[in-house]
Number of protein chains: 2
Amino acid sequence: MVSIKDIAKKAGVSISTVSYALNGSSKVTDETRSKILAIAKELNYVPNAAARSLKKRESRIIGVFLTDFKGDVYGDLLDGMKEVCNAQGYDLIVCSGKQAHRMLPERMIDGAIILDHAFTNAELLKYAERNHKIVVLDRELEHPNINQVLLDNKAGATLATEFLVEQGHKKIYIVTGPDDSFDSIQRMKAVKMVADRTEDVEWIEIPGDFKKSGGERAAERVIGEYTGPAAVFCLNDEMAIGFCNRLAETDYRIGEHVHLIGFDNIELTSYMQPRLATINYSKRKWGALASEQLIKILSGEEVEHERIYVTLIKGESVGKSARQVNVAR
Amino acid sequence: MVSIKDIAKKAGVSISTVSYALNGSSKVTDETRSKILAIAKELNYVPNAAARSLKKRESRIIGVFLTDFKGDVYGDLLDGMKEVCNAQGYDLIVCSGKQAHRMLPERMIDGAIILDHAFTNAELLKYAERNHKIVVLDRELEHPNINQVLLDNKAGATLATEFLVEQGHKKIYIVTGPDDSFDSIQRMKAVKMVADRTEDVEWIEIPGDFKKSGGERAAERVIGEYTGPAAVFCLNDEMAIGFCNRLAETDYRIGEHVHLIGFDNIELTSYMQPRLATINYSKRKWGALASEQLIKILSGEEVEHERIYVTLIKGESVGKSARQVNVAR
DNA sequence: TTGTAGGCGTTATCAC
DNA sequence: GTGATAACGCCTACAA
């Protein structure tokens with residue numbers, strides 16, 4: 001490995017002069033600088049990240065932690081993060097799995113963005129307490145070194161639920177996510193609030209898993225007990241897709257016999273026939289904001305928690321209730 | 001930051017004793033070891049990755065480089081990589097974008113797995129020449145420090161093409177990937193070889209992009225010049241999905257008017273109606289093998305290039321040509 | 001403008 | 001078994 005020492009030797013100067021030259025310090029002659037740079041290039045010199053991190057006590061790397069590498073939501077989210085990171089001179093690395101957690105306490109990364117329930121609150125608070133900087137996207141957690149950038153789950157679930165009610169549906173299924181999912185819990189809370197203030201509607205909860213398979217199982221249940229038009233709110237799009245696919249094998253039609261709405265507006269939904277109604281938000285912006293907030297904390301700035309707003313996308317997968325249509329006639 | 005020096009002071013021993021104790025050396029009393037470990041825990045000691053990397057000249061981290069974070073192929077692939085890495089005491093980080101390339105020469109990672117055309121061959125050879133270890137999944141590149149783990153693109157494309165021919169189709173469209181994609185070029189070569197030895201078939205190439213939008217555009221073209229049943233080989237599944245979705249807006253039916261086959265067998269295809277015919281291979285195995293090979297090179301082992309084998313999945317998206325059915329009657 | 005020297009946190013080679 | 005001590009490659013007062 002070629003180090004500044006080798007350059008110094010070859011250039012006949014001291015290592016500090018080399019360091020100054022390489023770092024663009026003004027306290028070095030243009031002449032010596034260019035000589036040093038030439039030699040550095042000639043020797044294929046590349047600075048050693050470990051040595052620099054050790055000395056400067058920062059790595060200029062931000063880590064984002066995901067539960068797994070699957071999942072359609074992540075593409076734009078990560079792109080948004082990377083864009084902001086790179087613009088600010090940081091690199092972004094994506095990690096997954098318990099083993100990788102060490103990167104934060106061992107200071108391989110300067111800060112972490114968390115979207116992974118494999119991190120417990122206790123663990124995150126422990127790191128925060130030791131002065132590591134963290135942004136959480138998947139929970140509420142209060143600490144001076146932790147910033148929250150959360151989706152407005154309640155608003156989204158409220159929009160979706162009210163939409164179904166407004167369309168006149170009287171039997172509404174809710175397909176939930178995993179029990180420990182913050183998103184699922186939040187969305188469910190909002191659904192219940194709407195349910196509490198709505199009369200004449202039958203509410204049925206089906207436990208799901210935020211995966212396609214959960215949507216398929218839900219579809220089977222809905223088909224099994226079908227008595228007339230029903231509405232279904234899958235708490236994420238992935239389950240809605242599974243639901244659709246299972247239903248496509250039957251004679252029931254989405255938007256006619258079964259009215260379906262999802263949550264997330266993942267890319268694929270725009271390709272579905274009929275277009276899936278869902279809750280939209282900018283994944284890119286979410287990621288970008290998360291990175292921004294983290295970098296601000298890293299620079300010692302004070303930041304407030306942030307919220308990502310959502311909108312309703314009306315798709316043909318939800319039509320007016322037949323009953324209501326009859327009434328209108 | 002608490003270092004071994006702090007532990008040494010508190011335990012009344014030297015830093016070398018602490019280091020030995022922490023690293024499980026046998027040359028330290030059980031008594032002193034347990035005392036040291038207790039103090040380490042008490043002080044919340046965490047080793048510093050940069051210092052260790054600097055000294056040991058390795059980071060125990062492997063980096064995988066992707067063109068972008070989207071793409072349905074990546075989930076299982078990355079999981080396969082991670083599994084092997086973790087089992088061997090390495091961590092896996094996912095990187096994207098030109099800025100992140102520096103991680104390799106700066107020795108932040110011990111080796112790289114490349115699936116990203118933002119790396120030029122020249123760049124990779126330069127790194128290999130400087131003794132960095134690399135596994136490539138997306139090109140042929142010969143160097144002692146570079147190992148190839150490539151998909152058997154030619155076999156896959158041959159299987160797909162021959163399947164269409166066997167089913168009696170006489171007008172076959174090929175929707176390609178980007179010009180600079182190794183996969184696209186390889187697959188296309190195989191198609192041409194089949195075409196050269198097949199008579200009475202009209203071959204039509206449509207330039208695509210490996211994305212859904214490319215499939216949609218292709219569908220429009222096929223619809224526009226429709227005169228009778230046609231077969232389409234989309235060189236990846238993502239385009240096939242775009243193709244299907246566009247066609248779903250018309251009265252043409254997949255498997256009847258248009259016969260469609262893809263490549264990759266991404267998860268979603270199994271949910272499609274009708275089931276998409278495609279070329280299958282184990283993404284998890286591909287990733288696992290890539291990691292294995294890289295770790296072997298890192299340990300100084302000699303390795304041969306590897307190949308990932310593929311199989312044909314017959315789906316209802318490809319039926320017999322109507323013409324042939326007539327002949328058979 | 002350049003050089004000297006100390007230190008970042010670890011590991012590893014010596015002595016004792 | 002334990003303790004000095006010298007690296008690893010880089011940065012940065014401070015001195016010259």
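Each chain gets a letter, A, B and so on, in the order the sequences are listed, and its residues count up from 1.
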task = Return the nearest nucleotide to the side chain of B/Ser3; candidates are C/dT10, D/dC11, C/dT2.
result = C/dT10
ask   = Between A/Ile4 (CD1) and C/dG3 (C1'), how many Å, whole number?
value = 13 Å
query = Can a salt bridge be assigned to the pair B/Arg102 and A/Asp91 using a cut-off of 4.0 Å between side-chain N and carboxylate O?
reply = yes
task = Let me know the distance between CG of B/Asp30 and C1' of D/dT2, rounded to the nearest Å.
result = 15 Å
message = Over all strands shown, is A/Ser53 touching base, sugar-phosphate only, or nothing at heavy-atom distances under 4.0 angstrom?
response = nothing
message = Under a 3.5 Å distance rule, please check whether B/Lys56 uses its side chain to pair with a backbone N or O of B/Leu54 as donor and acceptor.
response = no
task = Kindly say if A/Arg52 contacts the phosphate of D/dG9, meaning a side-chain N or O under 4.0 Å from OP1 or OP2.
result = no
message = Just the rounded figure in Å: distance from C1' of D/dC11 to CZ of A/Arg60.
response = 16 Å
task = Locate the shortest heavy-atom distance separating A/Ala8 from A/Ser14; write the atom from each residue and the value.
result = CB-C, 3.8 Å
query = Going by heavy atoms closer than 4.0 Å, what residues in residues 40-50 of chain A are next to DNA chain C?
reply = none
ask   = When you check the phosphate oxygens OP1 and OP2 of D/dG1, does a side-chain N or O of B/Arg33 lie under 4.0 Å from one of them?
value = no
Under 3.5 Å, which N/O atoms of the protein pair with N/O atoms of nucleotides 12-16 of chain D?
{"from": "D/dA13", "atom 1": "N6", "to": "A/Tyr20", "atom 2": "OH", "distance (Å)": "3.2"}

request  = State whether B/Arg107 places a side-chain N or O below 4.0 Å from either non-bridging phosphate oxygen (OP1 or OP2) of D/dG9.
outcome  = no
ask   = Is B/Asn147 reaching over with its side chain to a backbone N or O of B/Glu304, donor-acceptor style, under 3.5 angstrom?
value = yes
query = Within a radius of less than 6.0 Å around CG of A/Asp179, do more than 12 heavy atoms belonging to other residues, nucleotides or ligands occur?
reply = no
inquiry  = Taking the basic N atoms (NZ, or NE/NH1/NH2) and the acidic carboxylate oxygens, is any pair closer than 4.0 Å for A/Lys70 and B/Asp76?
reply    = yes
ask   = 5'-most contact on DNA chain C: A/Val28 or B/Met1, nearest heavy atom basis?
value = A/Val28
Per A/Ser14 side chain, nearest of listed nucleotides C/dG3, D/dG9, D/dT2 = C/dG3
query = Quick one: do B/Glu83 and B/Arg284 make a salt bridge, cutoff under 4.0 Å?
reply = yes
query = Can you tell me how far C1' of D/dG3 sits from NZ of B/Lys9, to the nearest Å?
reply = 16 Å
request  = Round to a whole Å and report the spacing from CD1 of B/Ile36 to C1' of D/dG3.
outcome  = 12 Å
ask   = Tell me: NZ of A/Lys5 to P of D/dA6, nearest whole Å?
value = 14 Å
key: Charged N-O contact under 4.0 Å between B/Glu42 and B/Lys10   = yes
inquiry  = Nearest whole Å is fine: how far is C/dA12 P from B/Leu22 CG?
reply    = 13 Å
ask   = Do B/Phe65 and B/Phe119 have ring centres separated by under 6.0 Å?
value = yes
key: Length of the CD-P vector between A/Glu58 and D/dC11, whole Å   = 11 Å
B/Lys98 atom NZ, neighbour heavy-atom count above 12 within 6.0 Å = yes
